[in-house]
Colleague: 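The structure's right below; bear with me while I get my questions together.
Residue numbering restarts at 1 for every chain, and letters A, B, ... go by the order of the sequence lines. Source: prediction; values computed, not measured.
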2 protein chains.
Amino acid sequence: MSNAKALPLLEPTVEPCCPPLAERPLTAEEAERTAVMFKALGDPVRLRLFSSIASHEGGEACVCDISDVGVSQPTVSHHLKKLKEAGLLSSERRGTWVYYRVEPAVLAAMGQLLTRAAAV
Amino acid sequence: MSNAKALPLLEPTVEPCCPPLAERPLTAEEAERTAVMFKALGDPVRLRLFSSIASHEGGEACVCDISDVGVSQPTVSHHLKKLKEAGLLSSERRGTWVYYRVEPAVLAAMGQLLTRAAAV
DNA sequence: CCTTTAGTTCGATGTGTGTCAACATAGACA
DNA sequence: TGTCTATGTTGACACACATCGAACTAAAGG
């Protein structure tokens with residue numbers, strides 16, 4: 001892989017998904033796409049897992065650090081998979097442990113989706 | 001209590017619910033409360049209804065204006081009820097029609113929940 | 001009373017959640 | 001190399017909950 005892409009490219013208005021909720025009525029497709037992300041955070045267990053990862057050092061944590069949410073380990077794995085499928089997390093195996101980390105861009109986009117809606 | 005506090009008090013950091021996701025791991029109760037709101041927006045139909053209301057004039061709309069989302073009227077009523085129960089909407093009967101309006105404070109709080117998480 | 005608008009009840013169907021068991025991967029050690 | 005242990009993931013199943021529409025009820029207005 002080439003190292004030609006060295007631009008800092010810090011977009012302040014990331015928008016990988018959809019327009020702000022208050023800008024115009026969402027189309028069916030946009031709603032479908034956006035709902036996946038909100039639905040992923042619409043479960044208490046997933047919310048706690050996500051919060052644990054986000055508040056960890058460097059925005060990443062291994063599964064062993066966040067498995068104390070009151071459900072079994074397979075259940076934790078299932079929930080992490082859903083968060084990953086929603087594009088909110090990414091995982092990486094590092095030796096024995098698997099580390100999950102948050103996707104700041106997607107998160108910021110969701111935030112703007114709401115705050116901009118409120119600003120109108 | 002004196003009325004010395006007559007400031008316009010435009011809090012940029014409304015927080016009727018829970019701390020930012022990245023500040024610390026959410027407790028079970030906080031996660032439960034927050035999940036209700038995210039789950040309410042985790043459905044395509046509800047997201048479209050909500051977006052329609054938020055993008056309407058003055059942030060409010062009557063049911064008759066937003067019933068073209070592809071489901072029957074009773075279903076629309078169900079979804080609006082859920083959004084209302086989640087604290088995202090408030091309703092008011094004005095003559096023949098019932099008007100729904102968004103709750104900007106709650107919306108802003110949800111946004112900060114996410115953006116602050118991303119900012120860490 | 002009749003029409004329009006919206007909410008409620010109720011039941012069928014679909015989707016999500018959580019657990020146990022089995023499987024995959026990585027490291028340690030003889 | 002072979003095996004043992006620790007860590008996660010996947011599959012299958014039962015259970016609970018959410019979704020949706022048909023029919024009914026309630027409220028407002030002519």
Side-chain angles (χ1 to χ4, degrees), chain A residues 26 28-29 31-53 56 60-102, chain B residues 26 28-29 31-53 56 60-102:
Chain A
L26 259 52
E29 293 179 18
E32 205 86 34
R33 238 177 308 154
T34 310
V36 172
M37 298 189 299
F38 280 114
K39 185 184 288 182
L41 291 180
D43 179 272
V45 173
R46 282 196 292 271
L47 214 41
R48 290 184 71 188
L49 290 173
F50 189 87
S51 177
S52 291
I53 296 172
H56 239 256
E60 74 171 15
C62 82
V63 181
C64 57
D65 286 331
I66 56 175
S67 297
D68 53 350
V69 289
V71 293
S72 67
Q73 204 184 27
T75 303
V76 170
S77 196
H78 281 141
H79 283 302
L80 288 174
K81 186 180 181 181
K82 282 213 168 179
L83 286 168
K84 193 174 159 188
E85 287 173 350
L88 298 173
L89 293 179
S90 61
S91 68
E92 179 194 356
R93 176 155 222 147
R94 215 175 297 159
T96 305
W97 294 277
V98 176
Y99 286 81
Y100 280 83
R101 71 165 32 247
V102 300
Chain B
L26 259 52
E29 293 180 18
E32 206 85 35
R33 237 177 310 154
T34 310
V36 171
M37 299 189 298
F38 279 113
K39 185 184 288 184
L41 291 180
D43 179 272
V45 173
R46 282 197 292 271
L47 213 43
R48 290 184 71 187
L49 290 172
F50 189 86
S51 178
S52 291
I53 296 172
H56 238 255
E60 74 171 15
C62 81
V63 181
C64 57
D65 286 332
I66 57 175
S67 297
D68 53 350
V69 290
V71 293
S72 67
Q73 264 179 0
T75 303
V76 170
S77 198
H78 281 148
H79 285 303
L80 289 174
K81 187 179 181 182
K82 282 216 166 177
L83 287 168
K84 193 174 160 189
E85 286 172 349
L88 298 173
L89 292 178
S90 62
S91 67
E92 178 194 356
R93 175 153 224 148
R94 215 174 297 158
T96 305
W97 294 278
V98 176
Y99 287 82
Y100 282 82
R101 69 164 36 246
V102 301

Colleague: Are B:Tyr100 and C:dG7 close enough that a side-chain N or O sits under 4.0 Å from OP1 or OP2?
Modeller: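 Checking B:Tyr100 against C:dG7: at least one side-chain N or O falls below 4.0 Å of OP1 or OP2.
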Colleague: Can you tell me the distance, in whole Å, between the CZ atom of B:Arg48 and the C1' atom of D:dT19?
Modeller: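 The answer, rounded to whole Å, is 17 Å.
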Colleague: Check B:Leu88 against B:Met37 and note the closest heavy-atom contact, atom names and distance.
Modeller: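 Closest pair (atom of B:Leu88, atom of B:Met37, distance): CD1-O, 3.9 Å.
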Colleague: Restricting to non-hydrogen atoms, name the atom on A:Ala61 and the atom on A:Ile66 that form the minimum distance, rounded to 0.1 Å.
Modeller: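 Heavy-atom minimum between the residues: CB-CG2, 4.1 Å.
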Colleague: Hey, is the side chain of A:His79 poking within less than 4.0 Å of OP1 or OP2 on C:dG18, counting only N and O atoms?
Modeller: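 The answer is yes; a side-chain N or O of A:His79 sits under 4.0 Å from OP1 or OP2.
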Colleague: Rounded off to whole Å, could you give me the CG-to-C1' distance for the A:Leu83 and D:dT9 pair?
Modeller: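 The answer, rounded to whole Å, is 15 Å.
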Colleague: For D:dT19, does OP1 or OP2 lie under 4.0 Å from any side-chain N or O of B:Lys82?
Modeller: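 B:Lys82 to D:dT19 OP1/OP2: side-chain N or O found under 4.0 Å.
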Colleague: The side chain of A:Asp43 lies closest to which of these nucleotides: C:dG7, C:dT17, D:dC20?
Modeller: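 The nucleotide sitting nearest to the side chain is C:dT17.
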Colleague: Quickly work out the A:Phe38 CZ to D:dA18 P distance and round it to whole Å.
Modeller: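 In whole Å, D:dA18 P lies 19 Å from A:Phe38 CZ.
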Colleague: Any side-chain N or O of B:Thr75 less than 4.0 Å from the OP1 or OP2 oxygen of D:dC20?
Modeller: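 Negative; the distance criterion is not met.
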Colleague: Looking at C:dA6, I'd like to know if its phosphate oxygens (OP1 or OP2) sit under 4.0 Å from a side-chain N or O belonging to B:Ser77.
Modeller: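 Result: no.
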Colleague: Has B:Arg46 got a side-chain N or O lying under 4.0 Å from the OP1 or OP2 atom of D:dT19?
Modeller: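 Checking D:dT19 against B:Arg46, a side-chain N or O does come within under 4.0 Å of OP1 or OP2.
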Colleague: Grab the CD-C1' distance between A:Gln73 and C:dG18 for me, whole Å please.
Modeller: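 My rounded result for the distance is 14 Å.
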Colleague: Test side chain to side chain contact (heavy atoms under 4.5 Å, CB included) on B:Leu80 and B:Val98; report intermediate values, then the result.
Modeller: CA-CA 11 Å; B:Leu80 289 174; B:Val98 176; over 6 Å; no
Colleague: How many whole angstroms separate atom CZ of B:Arg93 from atom C1' of C:dA6?
Modeller: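 Distance, rounded to whole Å: 6 Å.
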Colleague: What is the distance, rounded to the nearest whole Å, between atom CD of A:Glu85 and atom C1' of D:dT9?
Modeller: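 Those two atoms, CD and C1', are 13 Å apart.
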Colleague: Taking the side chain of B:His78 as heavy atoms from C-beta outward, which of C:dT9, C:dG7, C:dC20 is closest to it?
Modeller: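 The answer is C:dT9.
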Colleague: Using 0.5 Å steps for rounding, measure from the CG atom of A:Leu83 to the CG atom of A:Leu47.
Modeller: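 A:Leu83 CG to A:Leu47 CG: 9.0 Å, rounded to 0.5 Å.
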Colleague: Side-chain N or O of A:Thr96 less than 4.0 angstrom from OP1 or OP2 on C:dA26?
Modeller: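 The answer is no; no side-chain N or O of A:Thr96 sits under 4.0 Å from OP1 or OP2.
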Colleague: Is A:Arg94 near enough to C:dA26 that one of its side-chain N or O atoms lies under 4.0 angstrom from OP1 or OP2?
Modeller: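 Checking C:dA26 against A:Arg94, no side-chain N or O comes under 4.0 Å of OP1 or OP2.
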Colleague: Using the side chain to side chain contact (heavy atoms under 4.5 Å, CB included) rule, take A:Glu29 and A:Arg33 through it: C-alpha gap first, then chi angles, then the decisive distance, then the call.
Modeller: CA-CA 6 Å; A:Glu29 293 179 18; A:Arg33 238 177 308 154; 4.3 Å; yes
Colleague: Can you tell me the distance, in whole Å, between the NZ atom of B:Lys81 and the P atom of D:dA18?
Modeller: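 Result: 12 Å.
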Colleague: Could you state the atom-to-atom distance from CG of B:Asp65 to P of C:dT5 in whole Å?
Modeller: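 It works out to 11 Å between those atoms.
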